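Please read all numbers here as calculations on a predicted model, not as lab measurements.
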2 protein chains.
Amino acid sequence: MKTQMSGASGRGLPFAPSAAKWRPLGINEVTIEGGFWGERQGLNASALIDHVEHWLEKLGWTGNFDAAVQGRLPADRAGREFSDSEVYKLLEGMAWELGRSDDAELQARYDALVARVAAAQEPDGYLNTMFGRPGQGERYSDMEWGHELYCFGHLIQAGVARARTVGLDDTLVRVVIRAADHVCAEFGVDGRQAICGHAEIETALVELYRVTGERRYLDQARLFIERHGQGLLGEIFLGQQYFQDNVAVREATVLDGHAVRALYLAAGAVDLAVEDADAELLDAVTGQVRTTLARRTYLTGGMGAHHEGESFGLDWELPPDRAYAETCAGIASVMVNHRLTVATGDVRHADAVERTLYNLVAAAPAADGRGFFYTNLLHQRVPGVAPSLEEPAARSATSARPPFFTVSCCGSNLTRIFASLGAYLATVDDGGVQLHQYAPATIRVRIAAGDVMLRMATGYPEGGVIEVTAVEAPKDPWTLTLRVPSWAAGAVVRTSAGDLPVAPGYVEVPGPAAGETVTLDLPMAPRWTYADPRVDAVRGQVAVERGPMVLALESIDLGGDVATARISTGQSPVERDGQVLVPIRTATPADSDWPFGPSAEVVASATGEERLVPLIPYHAWANRGPSTMRIWIPEG
Amino acid sequence: MKTQMSGASGRGLPFAPSAAKWRPLGINEVTIEGGFWGERQGLNASALIDHVEHWLEKLGWTGNFDAAVQGRLPADRAGREFSDSEVYKLLEGMAWELGRSDDAELQARYDALVARVAAAQEPDGYLNTMFGRPGQGERYSDMEWGHELYCFGHLIQAGVARARTVGLDDTLVRVVIRAADHVCAEFGVDGRQAICGHAEIETALVELYRVTGERRYLDQARLFIERHGQGLLGEIFLGQQYFQDNVAVREATVLDGHAVRALYLAAGAVDLAVEDADAELLDAVTGQVRTTLARRTYLTGGMGAHHEGESFGLDWELPPDRAYAETCAGIASVMVNHRLTVATGDVRHADAVERTLYNLVAAAPAADGRGFFYTNLLHQRVPGVAPSLEEPAARSATSARPPFFTVSCCGSNLTRIFASLGAYLATVDDGGVQLHQYAPATIRVRIAAGDVMLRMATGYPEGGVIEVTAVEAPKDPWTLTLRVPSWAAGAVVRTSAGDLPVAPGYVEVPGPAAGETVTLDLPMAPRWTYADPRVDAVRGQVAVERGPMVLALESIDLGGDVATARISTGQSPVERDGQVLVPIRTATPADSDWPFGPSAEVVASATGEERLVPLIPYHAWANRGPSTMRIWIPEG
């Protein structure tokens with residue numbers, strides 16, 4: 001099984017468990033052909049990769065590798081301690097894109113970038129531009145904040161992407177194996193008893209084990225994962241939960257601390273549990289993620305309710321205006337939930353992937369691919385100012401997507417998820433094919449009964465009809481599994497045998513014969529959505545969703561600040577000419593010296609006349625100049 | 001005028017403008033005699049001062065001065081870059097306490113502490129244990145974070161307290177004058193064009209001008225204030241507004257950035273404006289504070305809605321569960337609003353002083369004076385764990401008051417405000433006496449018509465009756481001004497001439513003759529309080545207030561987590577046996593996989609039977625073990 005998965009036979013798999021409920025597909029088994037995600041893959045290829053590459057060069061973060069080779073460090077070093085990782089994530093994004101497309105110009109840029117990185121590797125495999133030279137901190141002298149293993153983790157992931165697309169005989173793969181061997185030698189059973197302040201190395205090492213079959217990488221991943229919760233990292237102001245060093249991974253009950261760290265660690269723990277048949281660990285992480293989805297996740301799928309520490313809040317603490325909901329946390333949640341979909345077959349994880357892709361990952365990049373959100377608020381109170389096009393921005397949220405940030409992890413992260421998006425659409429098992437996400441696409445796989453080629457035709461998520469046609473199918477019976485999203489009560493599956501009403505969850509139908517079509521019809525009427533009453537921050541407010549999309553009210557459509565909007569939910573939202581319209585009045589609270597008092601004095605009621613105002617998909621907001629925006633709209 | 005105010009004739013004035021609407025009183029003109037604040041002054045004298053002194057010693061922050069003298073720095077330095085200021089604030093608190101009481105033992109401790117600080121001063125007046133020695137940063141090499149001028153500011157304030165209680169012929173006053181002269185020489189017109197990342201030196205220098213009459217201190221204060229907003233400080237992740245370097249003081253429209261920094265700067269700006277007859281500056285700061293009260297202040301008077309940067313939030317952004325509402329910001333708000341009361345005679349500032357004293361300053365210290373809150377949440381979601389009694393705590397909030405913090409500015413700050421509390425009760429002008437805060441107290445002042453001695457007898461804030469008896473009064477007519485708080489609709493003033501219904505605001509009555517009594521009768525029925533609808537975080541929730549007190553629901557009284565409480569406001573709160581009781585039901589939302597959905601599925605209604613549950617004054621919460629608590633209670 002492991003041998004099957006390794007090396008050049010990896011087929012472009014973004015991750016590849018050797019044992020799971022289902023088997024994920026690689027980017028060369030699924031081709032997205034236009035539509036919502038096809039556009040974004042195109043934008044990634046035509047603009048975002050180039051944009052990130054340009055800024056990494058402009059800010060000198062790529063140049064750090066040259067400076068290392070030329071002995072100009074630390075004098076000429078640019079960027080924060082983790083800037084190397086941005087180059088690695090871009091390399092990963094480029095590798096997936098090269099695996100998906102055939103672009104000689106991109107290949108040349110990629111090769112040149114790899115050569116610069118490879119040149120900076122030291123003879124013992126160590127590679128980092130921030131540590132280890134005279135005038136720099138010693139290697140591994142700052143496990144809390146140094147990010148050395150985090151950088152190695154992203155380097156390894158970039159190599160894994162390469163191994164899965166071109167095979168093990170590759171420059172970057174060789175760099176990565178030397179680096180991973182250095183890490184194992186340094187941090188093994190008899191080595192430094194340490195962990196990195198930012199998880200990432202864990203999932204990377206399991207993945208490297210998967211492509212190489214080398215058990216030592218899996219063992220090292222286990223060492224790192226099991227060392228969490230022992231207090232090996234120093235005390236910091238933000239508390240040990242910031243880097244998940246307050247409790248053992250298998251004893252935690254919910255994701256806590258820095259959201260991206262927590263999610264990357266969870267991804268690694270799922271990978272380890274699956275590879276090492278550690279059912280207890282898998283159960284623990286599954287429980288943590290499910291509790292996190294039930295209590296610590298925004299309607300958009302966003303994770304992280306605190307700006308301070310970029311961390312999860314407490315249960316039910318989900319302020320829309322102070323949402324952090326970092327783009328990277330959304331990407332990491334997609335990684336974790338796709339892993340759990342594949343490992344457990346539980347539909348709620350695929351539902352979470354869909355929600356997060358449409359309402360967070362899709363919301364982050366600018367329409368032209370030359371900017372992105374770092375945080376993804378659900379309520380923008382002030383329009384803010386247009387960001388500089390020349391200087392990197394701070395992380396604080398505005399109503400515009402800056403071109404780059406002083407901490408700019410999200411841009412390079414987007415390049416890798418967009419390029420590998422096809423892999424999230426479907427899985428297979430011996431008996432058939434499972435469709436998790438819907439997009440115009442072609443799927444070519446082999447199952448026990450034979451080769452299957454499916455063509456998905458759909459206008460999703462604008463339309464709710466998904467036609468799955470078998471271009472090629474085995475003669476023997478096989479099973480097609482379709483995900484009916486949790487919001488899609490009233491869905492129908494149409495097959496040659498007739499129409500079948502289906503409930504949310506996974507529905508299995510006989511696999512269509514060649515030339516036949518199975519149609520999933522999802523109800524797309526816009527709907528009111530309320531929050532659990534323990535989410536105090538949105539009490540008395542309602543959101544509108546349509547299909548997988550969370551909608552938003554933007555001041556540009558309202559013709560005024562969204563602070564004054566009141567919505568009436570007496571009847572359903574209206575859909576007209578492709579727009580969702582809701583009845584809105586405008587409240588005009590009187591300003592007072594003190595904003596608290598007996599009801600009659602300070603609680604203004606809506607005074608304006610009710611009118612129908614269009615909502616837009618949340619992902620599309622902030623593309624028309626400075627604005628205010630809210631997803632949750634006060635009723636009344 | 002200035003000469004009158006300066007030196008030993010300062011009469012224990014916590015601050016002393018030379019020109020203002022009213023003249024503040026010193027701590028030897030007003031004696032609080034028991035009651036709510038008398039108890040807290042007693043606690044300060046008997047426990048809090050000693051407690052802070054003990055911890056400063058234990059953590060080595062006091063010892064840093066000895067280490068400086070003995071040449072053991074930087075090796076033996078303890079604490080953060082601003083730890084010197086804690087010793088200075090304690091010295092200020094001790095000085096006010098010595099001005100109020102006559103405690104030989106405290107005097108000896110005070111003298112010993114002053115001697116240790118004085119010994120560390122360098123020949124040119126510089127005094128700081130963090131900078132300037134071999135192995136330390138150079139003097140003024142880190143204006144953003146070094147806090148050198150902030151420390152000087154608190155040192156000067158400690159000296160001003162001494163000058164106002166014993167006069168200018170004092171060891172610490174001499175230290176302070178040398179230090180202030182050093183600051184003027186270093187940062188004057190031709191000196192370093194710099195400001196400190198943490199305001200404090202500004203108000204301190206104006207105050208030193210007031211006690212010495214030396215114009216150069218006032219001029220230096222103006223230089224520092226006018227330099228704000230020029231971007232003299234380096235760019236930081238939190239933005240230039242963090243230290244009020246993004247906009248000129250006279251151009252800002254609202255307080256922004258780090259709350260304590262903003263408020264200390266505002267205090268200095270008011271002081272400067274008053275001394276230098278700068279009406280434009282006074283108007284600017286007054287407007288900023290009024291907008292801050294109208295839009296950025298919690299019901300408790302707390303300021304600062306963001307943990308990140310300990311800063312003000314945007315307008316209407318006032319989450320109760322993530323309130324920062326730092327104790328020091330509350331103290332600083334009292335300082336600023338008392339200054340504005342005195343400068344402008346506008347009652348809303350005295351109202352703000354009352355609200356903040358009862359619901360924030362009083363809430364901070366533990367009942368035994370041996371712990372305190374750093375942040376003051378309005379909604380505690382989880383009980384948390386009991387803090388260590390041996391180790392300083394991080395700043396994150398729990399439902400218990402830790403003994404000390406790694407950043408522990410609030411404890412020493414409490415010592416100085418409690419010891420000087422008497423000064424906030426009353427002011428005078430030529431025509432009479434103004435009473436702003438009510439407590440059992442004796443006031444001895446001289447006005448134009450002659451000597452006045454008033455005795456206030458009251459059970460306030462338990463009871464609403466305040467009897468003001470003239471023990472001594474001029475024969476000629478004089479005016480007694482009483483503050484009717486903004487919440488006290490239906491108040492009555494009873495004089496020998498009869499009963500007079502009075503509206504909120506300042507009410508003037510003829511000053512009583514010797515032996516006569518004027519009684520203010522404030523309505524103390526508990527009342528429902530609602531928020532401006534733009535405060536989204538408390539929509540659909542109601543608070544209960546009684547007199548100046550904000551009340552709270554604590555889980556110990558509810559017998560369960562406050563997350564499940566729903567309040568019914570159909571009738572008024574009940575008062576029985578000194579307790580306020582409100583009708584509460586307990587809601588039991590069902591847990592679900594995903595907390596958002598159509599109303600029927602996820603919005604649970606209250607299922608428990610309605611019962612009367614006691615509320616407690618907010619300041620008294622967290623004194624009975626781990627608990628959850630909320631001020632804003634969902635209706636329904």
Side-chain angles (χ1 to χ4, degrees), chain A residues 237-239 290 293-295 297 299 306-309 313-317 319-322 348 351 379 381-382 394-396 406-407 486-487 527-541 543 563-564 587 589 591-599 601-604 632 634 636, chain B residues 237-239 290 293-295 297 299 305-309 313-317 319-322 348 351 379 381-382 394-396 406-407 486-487 527-541 543 563-564 587 589 591-599 602-604 632 634 636:
Chain A
F237 159 59
L238 295 162
R290 288 180 187 171
L293 289 172
R295 301 182 176 196
T297 303
L299 184 61
H306 290 180
H307 281 236
E308 188 180 62
L314 298 171
D315 292 352
W316 322 116
E317 196 180 72
D321 48 4
R322 287 293 283 174
R348 74 189 96 179
D351 282 347
H379 179 187
R381 289 187 175 273
V382 294
R395 275 173 283 182
S396 56
T406 50
V407 173
S486 62
W487 50 264
R527 59 192 191 274
W528 306 122
T529 296
Y530 295 85
D532 185 290
R534 288 166 289 191
V535 185
D536 292 289
V538 297
R539 187 180 304 281
Q541 300 174 59
T564 68
D591 278 331
S592 61
D593 290 346
W594 179 244
F596 308 105
S599 173
E601 283 177 34
V602 297
V603 181
W632 293 98
Chain B
F237 159 58
L238 295 162
R290 288 180 187 171
L293 289 172
R295 300 183 176 196
T297 303
L299 184 62
H306 290 181
H307 281 238
E308 188 180 62
L314 298 171
D315 291 352
W316 321 116
E317 196 180 73
D321 49 3
R322 287 293 283 175
R348 74 190 98 178
D351 282 346
H379 179 187
R381 289 187 174 270
V382 294
R395 275 173 283 182
S396 55
T406 48
V407 173
S486 61
W487 50 263
R527 60 192 190 274
W528 306 123
T529 296
Y530 296 85
D532 185 291
R534 288 166 290 191
V535 185
D536 292 288
V538 298
R539 186 181 304 282
Q541 300 175 61
T564 68
D591 279 331
S592 61
D593 290 345
W594 180 242
F596 307 105
S599 173
V602 298
V603 180
W632 293 99

The interface call for B:S486 against chain A, heavy-atom contacts under 4.5 Å, is neither
Please state whether the side chain, the backbone, both or neither of B:D351 comes within less than 4.5 Å of a heavy atom of chain A.
neither
Minimum heavy-atom distance [X]-[Y], with the two atoms named:
X      : Y      : result
B:R381 : A:R534 : NH1-O, 3.6 Å
B:L293 : A:W594 : O-CE3, 3.3 Å
B:A294 : A:P595 : O-CG, 3.2 Å

Between B:F596 and A:W487, is the ring centre distance below 6.0 Å?
no
Pair A:R539 + B:D536, salt bridge at N-O below 4.0 Å
no
Could you check which of A:R348, A:R322, A:H379, A:Q541 has the highest count of heavy-atom pairs closer than 4.5 Å to chain B?
A:R322
Interchain contact, A:L299 with chain B, by part (heavy-atom threshold 4.5 Å):
both
Top contributor to chain A interface from [options] [non-hydrogen pairs under 4.5 Å]:
options                : answer
B:V382, B:V535, B:D591 : B:D591
B:D593, B:T529, B:L314 : B:D593
B:R290, B:R527, B:H306 : B:H306

